[in-house]
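Note sheet for the following structure.
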Amino acid sequence: MFNSISNNFGAGIIQFKDVQESNYIVLNAKFTCSPQDDAYKAAEVLEITVPALTIGRSTEAGVIVSFTDRREYYGRIENYDACTVAKSWVKDANTICIEKLSVFDEQPELIFHVQTLYCQLAQGGNVIVGKKKDLSCVSEDDFLSIKTSDSLCVVFKKWAFYHWMYDYCSTAKSKADWEAFLKNLPEDINADVPVMSATNYQHKQLGSIGMSHLEEGYFTMPASERSSGFNNTANYVFSFAFLVRDFDTTPEVEGRLHYENEMLRAGQYDAFSDVNLEIIPDPTVAAFSGSMGIYKAGPVTFPATDFPEEVPAFGAFFLAAHYHSKGLTVQLLEIQVTKTGSNTNVQVIDQSGDKNLAFKMFDTTVPTTI
């Protein structure tokens with residue numbers, strides 16, 4: 001996290017949450033300014049001076065610019081808040097630029113929402129792969145539905161990309177405040193995220209905007225933040241952002257070995273999901289969690305191409321909760337991690353005689369070196 005040094009358009013100090021790597025940065029900030037300020041009027045491009053960034057210049061990226069417009073009709077308040085996406089870029093290691101749009105010149109105050117990824121311009125780099133997760137919505141009486149084909153997050157260790165698209169809401173909740181759990185959204189994201197749509201009845205050149213909040217995996221949005229015409233079929237209500245996670249910066253426990261993989265596969269239909277292994281070498285203890293839904297006898301062997309070299313080969317017995325409704329409640333599993341040259345395999349063996357590797361496991365035991 002850092003603060004801006006200055007700017008050329010009359011805003012105050014701007015605080016940024018950040019992830020900075022050698023070839024890209026992710027920045028999160030929210031700030032206001034007045035287009036009626038003399039400094040704003042004089043600026044051709046809005047420039048923010050910041051402490052030195054890890055990149056020298058960037059490709060263009062999007063920043064959402066909005067203003068508030070609430071109007072009273074027959075005793076009720078209608079939301080005509082308006083927005084669009086402005087171009088933004090890193091000019092040099094100390095300067096972030098945002099384009100100045102004339103459509104906002106008459107407004108008393110603007111709100112800038114920076115939830116943006118800036119890529120280093122004209123430089124290759126190490127490719128990093130995030131985990132794509134489909135978002136699904138869990139709400140009381142299923143009142144809120146999102147378009148699962150268009151709603152997703154791509155998760156990295158320190159940040160995530162988030163895209164949410166509205167589908168429908170039950171009539172009973174159409175004028176209520178909303179709260180829903182977004183399955184697969186990282187629970188360490190805490191952010192206000194704009195929700196935008198195509199139509200704005202009072203500002204034809206702009207779209208509509210309202211604010212939602214993400215925290216501990218939950219999505220909330222007050223009724224007052226939903227724009228007039230929010231539920232129109234062709235309004236295309238959506239939300240997107242590059243969000244800095246509240247990642248833990250403390251070092252891992254010295255001597256603790258860790259391996260994590262979203263899904264190991266032993267074929268098209270055989271998967272070991274949410275694999276998470278920790279080993280403490282002295283005294284030797286292994287904690288293993290994960291789940292499997294294979295309704296056949298094992299053993300099943302999963303290649304683990306990304307397995308850390310420092311984690312040794314071992315065998316251990318673990319207890320798991322069995323999914324099979326007519327079988328055992330608790331299942332005894334043997335897990336063997338074997339290494340041959342540069343290849344590592346994780347083998348799961350049923351030791352309960354149930355012949356169904358369908359379980360959810362979270363257990364700690366003493367492993368034996370193979």
Side-chain angles (χ1 to χ4, degrees), residues 131-143 148 153 155 179-188 216-218 252-253 256-308 311-339 344-370:
K131 298 176 180 178
K132 177 181 175 296
K133 295 176 177 286
D134 295 329
L135 292 180
S136 56
C137 185
V138 181
S139 59
E140 183 181 0
D141 298 325
D142 295 325
F143 78 85
T148 54
C153 59
V155 180
E179 179 179 86
F181 183 76
L182 295 181
K183 187 177 179 181
N184 288 330
L185 181 73
E187 295 187 11
D188 58 359
E216 296 184 349
Y218 281 86
E252 293 185 6
V253 177
R256 183 172 295 182
L257 307 176
H258 181 241
Y259 172 67
E260 187 174 356
N261 194 304
E262 184 181 24
M263 184 174 293
L264 296 176
R265 286 197 173 275
Q268 184 176 0
Y269 302 107
D270 297 344
F272 194 177
S273 301
D274 300 319
V275 175
N276 199 323
L277 166 68
E278 284 195 7
I279 295 179
I280 301 173
D282 186 22
T284 306
V285 177
F288 212 136
S289 63
S291 61
M292 193 180 296
I294 302 175
Y295 289 91
K296 65 180 181 182
V300 181
T301 301
F302 299 90
T305 57
D306 58 342
F307 204 84
V311 179
F314 71 90
F317 294 93
F318 296 91
L319 294 176
H322 205 299
Y323 285 151
H324 197 318
S325 60
K326 296 182 179 179
L328 300 170
T329 302
V330 178
Q331 185 174 23
L332 178 65
L333 303 169
E334 181 180 0
I335 294 181
Q336 292 189 1
V337 174
T338 58
K339 296 191 172 188
T344 301
N345 289 316
V346 177
Q347 186 177 64
V348 183
I349 307 165
D350 168 47
Q351 294 291 0
S352 298
D354 198 50
K355 299 182 180 180
N356 284 290
L357 291 171
F359 60 83
K360 185 171 184 179
M361 177 180 64
F362 189 89
D363 195 21
T364 302
T365 190
V366 177
T368 302
T369 301
I370 296 177

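Scope of the values below: all heavy atoms of this structure, side chains included, with no hydrogens, waters or symmetry mates. Bear in mind that the values here come from a model prediction, so they are computed numbers and not experimental data.
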Check: [Y] and [X] side chains under 4.5 Å, non-hydrogen atoms:
{"X": "Val300", "Y": "Phe272", "result": "no"}
{"X": "Leu333", "Y": "Leu357", "result": "yes"}
{"X": "Phe318", "Y": "Ile335", "result": "yes"}
{"X": "Lys133", "Y": "Val155", "result": "yes"}
{"X": "Ile279", "Y": "Val311", "result": "yes"}
{"X": "Asn345", "Y": "Val337", "result": "no"}
{"X": "Val346", "Y": "Leu264", "result": "yes"}
{"X": "Cys153", "Y": "Leu135", "result": "yes"}

Would a distance-only check, ignoring hydrogens and angles, find a side-chain to backbone donor-acceptor pair under 3.5 Å from Asp141 to Phe143?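 Not at all, since once roles are kept as given, no pair shorter than 3.5 Å links the two residues.
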Name the atoms and distances for all side-chain donor-acceptor pairs under 3.5 Å in residues 358-370, with sequence neighbours left out.
unit_1, atom_1, unit_2, atom_2, d
Asp363, OD2, Leu319, N, 2.9
Thr365, OG1, Phe317, O, 3.3

Partners meeting salt bridge (Lys or Arg N to Asp or Glu O under 4.0 Å) with Lys339 (sequence neighbours left out): none
List for me each residue that meets salt bridge (Lys or Arg N to Asp or Glu O under 4.0 Å) alongside Asp134, sequence neighbours excluded, and say none if there are none.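 Listed in chain order: Lys132.
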May I ask you to check whether [X] and [Y] show a side-chain donor-acceptor distance below 3.5 Å?
{"X": "His322", "Y": "Asn356", "answer": "no"}
{"X": "Tyr259", "Y": "Asn276", "answer": "no"}
{"X": "Ser352", "Y": "Gln331", "answer": "no"}

By side-chain contact (heavy atoms from CB on, under 4.5 Å), which residues pair with Ser136, not counting sequence neighbours? Lys183
Set of residues satisfying side-chain contact (heavy atoms from CB on, under 4.5 Å) with respect to Glu187, sequence neighbours excluded: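 Residues passing side-chain contact (heavy atoms from CB on, under 4.5 Å) with Glu187: Phe181.
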Apply side chain to side chain contact (heavy atoms under 4.5 Å, CB included) to Phe307 and Asn261, showing your working. CA-CA 9 Å; Phe307 204 84; Asn261 194 304; over 6 Å; no
Search all heavy atoms of Asp350 against all heavy atoms of Gly353 and return the closest pair with its distance.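 Scanning both residues, the minimum pair turns out to be OD2-N, 3.2 Å.
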Run the side chain to side chain contact (heavy atoms under 4.5 Å, CB included) check on Gln347 and Phe302 step by step: do they pass? CA-CA 6 Å; Gln347 186 177 64; Phe302 299 90; over 6 Å; no
Does atom CD (Glu216) have a neighbourhood of more than 12 heavy atoms from anything else shown, all under 6.0 Å? no
Flag if over 12 foreign heavy atoms under 6.0 Å of CD, Gln351: yes
Point-to-point distance, once rounded to the nearest 0.5 Å, from CZ of Arg265 to CE of Met263: 5.0 Å
Can you tell me how far the CG atom of Asn184 sits from the NZ atom of Lys131, to the nearest 0.5 Å? 11.5 Å
Phe314: what forms a ring-ring contact (aromatic ring centres under 6.0 Å, His included) with it, not counting sequence neighbours?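 Per chain and number, Phe314 pairs via ring-ring contact (aromatic ring centres under 6.0 Å, His included) with no residue.
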